[in-house]
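Only this structure's heavy atoms are used, side chains among them; waters, hydrogens and symmetry mates stay out. All chains are named by letter (A, B, ...) in the order of the sequence lines, taking the proteins before the strands, and each is independently numbered beginning at 1.
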Amino acid sequence: MEIAPELIEEISERKVPSTGLPDLEVGEGEKVVLRFAPNPNGPATIGSVRGIVVNAEYARRHNGEFVLRFDDTDPKTKPPMLEAYLWYLEDCEYLGAVPDRVVYASDRIPKYYEYAEKLILLGKAYVCFCKRDEFKRYKDAGVACPHRAADVGTNLECWKRMLNREYAEGEAVLRIKTDVGHRDPALRDWAAFRIVETPHPRPEIGDRFGVWPLLDFESAVEDHLLGITHIIRGKDLMDSELRQRYVYDYLGWQYPKTLHWGRMKIHEFGKFSTSAISRAIADGTYTGWDDPRVPTLRALRRRGITAVAIRKFMIDLGVGETDISLSLDNLYAINRKVIDPVSNRYFFVWDPVAVEIRDAAPMVATPKRHPDRDDLREIPAGSRVFLCGEDIEGLKPGDRLRLKNLYDIEIVDTESPTPTVKRIGTAAQEWCTIEEKPRYRIIHWVPDMQDGYLRVVVRAPDRAYEGVGEASIASELGNTVQFERFGFVRIDSVDAENRLVVAYFAHR
RNA sequence: GCUCCGAUAGUGUAGCUCGGCCAAUCAUGCGGGGCUCUCAAUCCCGUGACUCGGGUUCAAAUCCCGAUCGGAGCACCA
């Protein structure tokens with residue numbers, strides 16, 4: 001029997017497992033332009049990170065352009081935070097997603113006015129004077145409000161008055177005509193502009209404008225002006241697309257291709273909102289936007305979660321419309337692979353207990369800085385050490401342990417305020433280089449002697465760990481290290497004067 | 001109430017467009033073992049899923065209908 005081999009190959013190719021992002025539908029010779037458009041009313045959260053990473057990644061793959069657009073058109077309800085503009089830029093850079101272009105919507109308000117006027121002239125937009133609940137009643141009933149019937153001249157006139165600040169906040173909005181009887185109430189005559197008297201936080205904008213566009217309008221116009229070819233965002237904005245398409249149809253524009261991802265819920269963070277975090281920072285619950293408990297990129301950065309790991313994590317999620325609920329453990333697993341080979345090892349004793357060693361002789365332990373390498377660190381040891389409370393808890397006289405890279409000990413007394421152990425072993429010179437297999441549980445330790453240790457605080461999402469660490473940790477400022485039997489941390493600050501180190505916990 | 005979207009192992013994901021190669025991919029987690037002076041890393045082995053019910057078809061994870069469950073929108077927020 002004859003089988004065409006090329007046919008079989010072609011069929012088999014289809015089922016090759018793939019991972020990550022689905023392919024983009026790109027026209028012949030089309031240059032892709034993608035954007036991420038946050039409201040900088042707070043720093044980038046883990047949700048924003050998905051938008052940055054995925055859009056930038058597509059731009060990179062297709063040799064296209066990545067635009068960062070600040071949709072900062074709400075000076076009142078969710079006013080932009082001035083520092084957050086900078087933070088977004090920093091965060092993008094950290095993620096290796098430096099935008100090819102940065103746009104501030106608040107700089108381009110007059111542009112939006114132009115298109116508003118065009119739509120009014122086309123008879124596709126009208127100034128509505130209904131109160132909110134009044135309009136809602138019309139909308140729910142599927143009937144036009146009285147202002148919808150106004151002629152183009154009247155609408156133009158009223159629009160000019162809006163711009164001239166002749167109306168008060170709440171008195172008038174500009175609506176886009178869709179279909180008042182549309183079966184989906186979410187799509188019926190939506191508001192495109194409203195009056196906001198609150199000045200914009202950006203000093204260069206301030207109170208220059210009294211009429212501000214809403215997302216659907218601003219985004220619709222901007223996406224067209226910026227030549228966005230593909231919009232990739234959460235599926236909560238699917239209706240937005242449907243609303244915006246009316247504007248595109250009226251103006252004869254072509255809507256970008258869209259891709260939506262489902263809701264992402266992170267176990268560790270649960271439900272959160274930027275404003276709720278903001279309040280918690282204000283009342284002192286959190287220390288700031290980079291508190292290790294907060295779901296921002298700034299916090300992850302401070303904890304030593306690398307950009308490569310974050311990017312891989314986000315890209316592996318793909319762009320499915322399924323709602324997902326996942327744990328950061330996946331991110332940690334990726335990050336561990338990244339930092340493990342480059343993170344030096346140190347002893348950190350949490351919840352420390354000082355212990356007296358009988359028959360101890362002064363000496364220096366020399367553990368490896370990293371198990372894969374041969375360079376050593378030096379830890380002087382005297383007659384007192386700190387051990388983790390949990391390591392000696394429940395031990396009885398006669399129980400034995402090995403102090404890692406030092407020698408074996410036997411418990412003598414755990415009752416007194418300073419527990420006592422005694423050194424067991426053979427010749428002193430062999431203590432540092434015990435070759436035989438350890439017979440007892442191996443624990444780590446920190447010398448309790450003058451200048452022999454640092455006070456260390458590890459700030460973790462669940463709690464702060466206070467303890468002591470070996471002195472050479474001081475040389476690792478800014479680096480990620482592994483505290484043996486504890487986990488990976490980033491050394492956040494070193495106060496040499498007071499021999500105090502603050503570290504941020506990354507993960508186990 | 002109206003509308004839209006989704007459903008593959010504990011979690012995430014591939015496969016679904018164009019039905020057969022799927023007794024279903026990969027990662028993570030979990031269990032067991034090797035190595036190791038860290039409860040890490042690493043290596044080996046194992047574990048575990050197509051939401052349910054109908055239909056179409058020689059053949060369904062894949063197509064159709066219904067149900068159930070989950071999520072979202074119906075703001076003068078983004």
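- Comparing the same atom, P, in B:rA23 and in B:rC18 gives a spacing of 22 Å after rounding to whole Å.
- When each of B:rU3, B:rC39, B:rA75 is scored by its nearest atom to the side-chain atoms of A:Lys139, the top-ranked nucleotide is B:rA75.
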Distances for protein N or O near nucleotides 45-48 of chain B N or O, under 3.5 Å:
none

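- Ranking B:rC74, B:rC37, B:rU13 by closeness to the A:Ala186 side chain, first place goes to B:rC74.
- Contact annotation for A:Arg132: base contact, defined as any heavy-atom pair under 4.0 Å involving a base atom.
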Every protein N/O lying under 3.5 Å from an N/O of nucleotides 27-33 of chain B:
| unit_1 | atom_1 | unit_2 | atom_2 | d |
| --- | --- | --- | --- | --- |
| B:rU28 | OP1 | A:Lys337 | NZ | 2.6 |

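- For the atom pair A:Arg377 CZ and A:Asn405 CG, the distance stands at 7.0 Å (nearest 0.5 Å).
- For the pair A:Glu410 (side chain) and A:Arg400 (backbone), a donor-acceptor distance under 3.5 Å is absent.
- Inter-residue side-chain proximity for A:Tyr440 and A:Ile424 is flagged as met; some heavy-atom pair is nearer than 4.5 Å.
- Phosphate contact (OP1/OP2 of B:rA78, side-chain N/O of A:Ser219, threshold under 4.0 Å): absent.
- Among B:rG73, B:rA78, B:rA40, the nucleotide with an atom closest to any side-chain atom of A:Leu237 is B:rA78.
- When the P atom is compared between B:rA67 and B:rU3, the two are found 13 Å apart, to the nearest whole Å.
- Per the geometry, NE2 belonging to A:His182 stands 18 Å off P belonging to B:rG73, to the nearest Å.
- Proximity note for A:Asp184 (side chain, C-beta onward) versus B:rU3, B:rC4, B:rG12: the nearest is B:rU3.
- No engagement by A:Cys388 is indicated, since no non-hydrogen atom pair under 4.0 Å with the nucleic acid exists.
- Computed from coordinates, the A:Leu214 CG to B:rA75 P distance equals 12 Å when rounded to whole Å.
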Atom pairs under 3.5 Å, N or O on each side, protein against nucleotides 66-71 of chain B: can you list them with distances?
| unit_1 | atom_1 | unit_2 | atom_2 | d |
| --- | --- | --- | --- | --- |
| B:rG70 | N2 | A:Asp323 | OD2 | 3.3 |
| B:rG71 | O4' | A:Asp323 | OD2 | 3.2 |
| B:rG71 | O2' | A:Asp323 | OD1 | 3.4 |

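- No engagement by A:Phe486 is indicated, since no non-hydrogen atom pair under 4.0 Å with the nucleic acid exists.
- At least one donor-acceptor pair under 3.5 Å links the side chain of A:Arg303 to the backbone N or O of A:Phe505.
- A cation-pi contact, defined as under 6.0 Å to the ring centre and within 45° of the axis, links A:Arg463 to A:Tyr465.
- Computed from coordinates, the A:Asp133 CG to B:rA75 P distance equals 11 Å when rounded to whole Å.
- At B:rG1, none of the side-chain N or O atoms of A:Arg183 fall inside 4.0 Å of OP1 or OP2 (strictly under the cut-off).
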Verify ring pair (Phe, Tyr, Trp, His ring centres under 6.0 Å) between A:Phe486 and A:Phe348, making sure each step is shown before the conclusion. CA-CA 8 Å; A:Phe486 182 74; A:Phe348 161 65; 5.1 Å; yes
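- For the pair A:Arg233 and A:Phe36, the NZ or CZ position fails the cation-pi test of under 6.0 Å to the six-membered ring centre and within 45 degrees of the ring normal.
- Nucleotides B:rU51 and B:rG10 have their P atoms positioned 12 Å apart, rounded to a whole Å.
- Listed nucleotides B:rA78, B:rG12, B:rU38 differ in distance to A:Leu215; the shortest reach to its side chain belongs to B:rA78.
- Out of B:rU38, B:rG73, B:rC77, the shortest distance to the side chain of A:Arg485 is found at B:rU38.
- Base engagement by A:Gly170 is indicated by at least one non-hydrogen atom pair under 4.0 Å involving a base atom.
- At a threshold of 4.0 angstrom between heavy atoms, the contacts of A:Ile443 with the nucleic acid are absent.
- No contact: A:Ser240 has no heavy atom under 4.0 Å from any strand.
- In this structure, of B:rC2, B:rU38, B:rA75, it is B:rC2 that holds the atom nearest to the side chain of A:Pro185.
- The closest donor-acceptor contact from the side chain of A:Glu134 to the backbone of A:Lys131 lies under 3.5 Å.
- Candidate nucleotides B:rA40, B:rU13, B:rC39 were compared by shortest atom distance to the side chain of A:Asp391, and B:rC39 ranks first.
- As judged by a 4.0 angstrom heavy-atom cut-off over every strand, A:Arg233 is placed among residues making no nucleic acid contact.
- Sorted by first and then second residue, the pairs that involve residues 178-188 of chain A and meet side chain to side chain donor-acceptor pair (under 3.5 Å), not counting sequence neighbours, are A:Thr178-A:Asp189.
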Convert the base pairs of RNA chain B into dot-bracket notation, remembering that pairs crossing earlier ones are written with [ ] and that bases paired across to another strand are shown as |; include only Watson-Crick or G-U pairs under 3.5 Å. (((((((..(((.......[.....)))((((((.......))))))...(((((..]....))))))))))))....
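- With sequence neighbours excluded, the residues that form a ring-ring contact (aromatic ring centres under 6.0 Å, His included) with A:His200 are A:Trp212.
- Taking the six-membered ring where tryptophan is involved, the planes of A:Tyr167 and A:Phe129 are perpendicular, since the angle between them exceeds 60° and thus also 30°.
- Picking from B:rA40, B:rC37, B:rA78 the nucleotide with the shortest atom distance to the side chain of A:Asp236 gives B:rA78.
- Using a 4.0 Å heavy-atom cutoff across all strands shown, A:Leu317 reaches sugar-phosphate atoms only and no base atom.
- Residue contacts for A:Asp189: at a heavy-atom cut-off of 4.0 Å it reaches no nucleic acid atom on any strand shown.
- A sub-4.0 Å separation between OP1 or OP2 of B:rU38 and a side-chain N or O of A:Arg441 is absent.
- No donor-acceptor pair under 3.5 Å is formed between the side chain of A:Tyr126 and the backbone N or O of A:His147.
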